[in-house]
Protein chains: 2
Amino acid sequence: MDQQLEQPELVHPGAEEIELPAVLHALSDPQRLRIVRELAASERPLPCGGIVLEISKSTRTHHFRVLREAGLIEQRRDGTCKLSTLRREDLDARFPGLLDAVLGAGVPA
Amino acid sequence: MDQQLEQPELVHPGAEEIELPAVLHALSDPQRLRIVRELAASERPLPCGGIVLEISKSTRTHHFRVLREAGLIEQRRDGTCKLSTLRREDLDARFPGLLDAVLGAGVPA
DNA sequence: ACCATAGTTCGATGACCGTCGTATAATAGG
DNA sequence: CCTATTATACGACGGTCATCGAACTATGGT
């Protein structure tokens, strides 16, 4: 078929390869948890720099890579910046209810 | 002659003090995940040694302590052994759906 | 009193993690 | 071309983690 949007240099696990310990570990860091929350809140691709974090650029890159390699987010290049999206469908399919539980956890009544 | 009313030496966080990152980190280790699963499956207190793990005793103690201090399990002494239970109610109250999602994750239909 | 059972405590060790600064791509626009 | 923006790669450093063995505590049974 036609598909010119190939970014093979970015490592993304397949939907079936997402491992629970890796996901939980990725989410166990407060900074990464915040990133995931913001991504979920915007429900639209965000650039790495679009998330407020008082950490250095290299650390931010590191966190995004951990999230991507764990299968939590998808990253795609768009011009000079890289857009990230939450892999909601893949995660819901593999671990039903997990993402909702994590996202809803920090938003008490 | 003596009364065994209290076990103050065991550190358990209050139900409201359970932190999400700590819980996720505790669950991100395969050994601890197995412990939690077994505890959930039995739905009745289990001794530390009652769970099959090919790790040394001291490592097992370590994992149980991580789980206890994260608020995932409750430990109580019973004679020569120490019984552990999943803190289902506290966890469900604080992070609704999280435990079910984690427990159901590795048990596909 | 003795001993067996069940866990803990104490270093120690090797691996991993979060963080940083600097240097290096990659791309858009003048 | 040059430059600014955006993000990655590469060490490096200190801290935490999972693991172990050996010594220790605590309890219960004989």
Side-chain angles (χ1 to χ4, degrees), chain A residues 4-12 19-36 38-39 45-70 72-85, chain B residues 1-12 19 21-36 38-39 45-70 72-85:
Chain A
Q4 79 284 14
L5 300 175
E6 283 293 329
Q7 263 97 39
E9 73 261 17
L10 293 191
V11 180
H12 291 89
E19 299 289 340
L20 183 58
V23 169
L24 295 175
H25 170 249
L27 291 173
S28 71
D29 181 272
Q31 312 280 7
R32 290 193 291 260
L33 197 51
R34 175 146 40 205
I35 294 175
V36 168
E38 296 240 12
L39 249 33
L46 284 181
C48 288
I51 297 179
V52 188
L53 293 173
E54 56 276 19
I55 55 179
S56 72
K57 282 193 304 176
S58 37
T59 304
R60 188 171 9 221
T61 297
H62 163 70
H63 284 317
F64 272 90
R65 182 174 37 174
V66 171
L67 288 171
R68 189 186 68 234
E69 291 180 347
L72 275 158
I73 67 174
E74 189 221 335
Q75 289 187 294
R76 180 186 339 167
R77 154 157 283 127
D78 176 64
T80 149
C81 62
K82 185 173 288 183
L83 298 180
S84 298
T85 25
Chain B
M1 39 167 126
D2 48 339
Q3 56 183 18
Q4 63 288 356
L5 293 180
E6 44 182 329
Q7 271 105 29
E9 71 263 15
L10 293 192
V11 180
H12 290 89
E19 300 288 341
V23 169
L24 295 176
H25 171 249
L27 291 173
S28 71
D29 181 274
Q31 310 281 4
R32 289 194 290 261
L33 198 52
R34 175 148 37 204
I35 294 175
V36 168
E38 296 241 11
L39 248 34
L46 284 181
C48 289
I51 297 178
V52 187
L53 294 173
E54 55 277 18
I55 54 179
S56 72
K57 280 194 304 176
S58 38
T59 304
R60 187 168 12 218
T61 296
H62 164 69
H63 285 316
F64 273 90
R65 181 173 40 168
V66 171
L67 289 172
R68 188 185 68 234
E69 291 180 349
L72 275 158
I73 67 173
E74 190 223 333
Q75 288 187 294
R76 179 187 8 203
R77 155 156 281 128
D78 177 63
T80 150
C81 63
K82 184 173 289 185
L83 297 179
S84 299
T85 22

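To find a chain, count down the sequence lines: A is the first, B the second, and so on, and within it residues start at 1.
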I need the [atom1]-[atom2] distance between [X] and [N], as an integer number of Å.
{"X": "Arg68(B)", "N": "dG7(C)", "atom1": "CZ", "atom2": "P", "answer": "13 Å"}
{"X": "Ile51(B)", "N": "dA6(C)", "atom1": "CD1", "atom2": "C1'", "answer": "14 Å"}
{"X": "Phe64(A)", "N": "dC17(C)", "atom1": "CZ", "atom2": "P", "answer": "18 Å"}
{"X": "Asp29(B)", "N": "dC17(C)", "atom1": "CG", "atom2": "P", "answer": "12 Å"}
{"X": "Arg65(B)", "N": "dT8(C)", "atom1": "CZ", "atom2": "C1'", "answer": "9 Å"}
{"X": "Leu27(A)", "N": "dC17(C)", "atom1": "CG", "atom2": "P", "answer": "15 Å"}
{"X": "Arg60(B)", "N": "dT5(C)", "atom1": "CZ", "atom2": "C1'", "answer": "13 Å"}

Distance-minimising heavy-atom pair for [X] and [Y]:
{"X": "Leu67(A)", "Y": "Ala26(A)", "result": "CD2-CB, 4.1 Å"}
{"X": "Ala70(B)", "Y": "Val23(B)", "result": "O-CG2, 3.8 Å"}
{"X": "Leu27(A)", "Y": "Leu24(B)", "result": "O-CD1, 3.4 Å"}

Any side-chain heavy atom of [X] sitting closer than 4.5 Å to one from [Y]?
{"X": "Arg68(A)", "Y": "Ser84(A)", "value": "no"}
{"X": "His62(A)", "Y": "Val66(A)", "value": "yes"}
{"X": "Ile51(A)", "Y": "Leu39(A)", "value": "yes"}

Original post:
Taking for each residue the nucleotide of DNA chain C bearing the nearest heavy atom, is the 5' side occupied by His63(A) or by Lys82(B)?
Top reply: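 Its nearest nucleotide being more 5', the pick is Lys82(B).
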
**OP:** Describe the nucleic acid contact of His62(A) in one word from base, sugar-phosphate, nothing, applying a heavy-atom distance below 4.0 Å.
**Re:**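 If one applies the 4.0 Å heavy-atom cut-off, His62(A) turns out to touch a base.
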
Original post:
Please, which pairs that meet side chain to side chain donor-acceptor pair (under 3.5 Å) have at least one residue in residues 25-36 of chain B, sequence neighbours excluded?
Top reply: Arg32(B)-His63(B)

Original post:
If we fit an axis to the first five pairs and another to the last five of the helix from dA1(C)-dT30(D) to dG30(C)-dC1(D), what angle do they make, to the nearest 10°?
Top reply: 20°

Original post:
Between CD1 of Ile73(B) and NE2 of His12(B), what distance do you get to the nearest 0.5 Å?
Top reply: 7.0 Å

Subject >> Opening and closing nucleotides of DNA chain D in contact with chain A, under 4.0 Å to non-hydrogen atoms >> reply: dT5(D) to dA9(D)

**OP:** Not counting sequence neighbours, which residues clear side-chain hydrogen bond (donor to acceptor under 3.5 Å, both in side chains) with Thr59(A)? List them please.
**Re:** Ser56(A)

Original post:
Who are the side-chain hydrogen bond (donor to acceptor under 3.5 Å, both in side chains) partners of Arg60(B), not counting sequence neighbours?
Top reply: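 side-chain hydrogen bond (donor to acceptor under 3.5 Å, both in side chains) list for Arg60(B), sorted by chain: empty.
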
Subject >> Audit row: Cys48(B), Lys57(B), side-chain contact (heavy atoms from CB on, under 4.5 Å) steps and yes/no >> reply: CA-CA 9 Å; Cys48(B) 289; Lys57(B) 280 194 304 176; over 6 Å; no

**OP:** Take nucleotides 20-30 of chain C nucleotide by nucleotide from the 5' end and write B, S or -, depending on whether a protein heavy atom sits under 4.0 Å from the base, only from the sugar-phosphate, or from neither.
**Re:** BB-----SS--

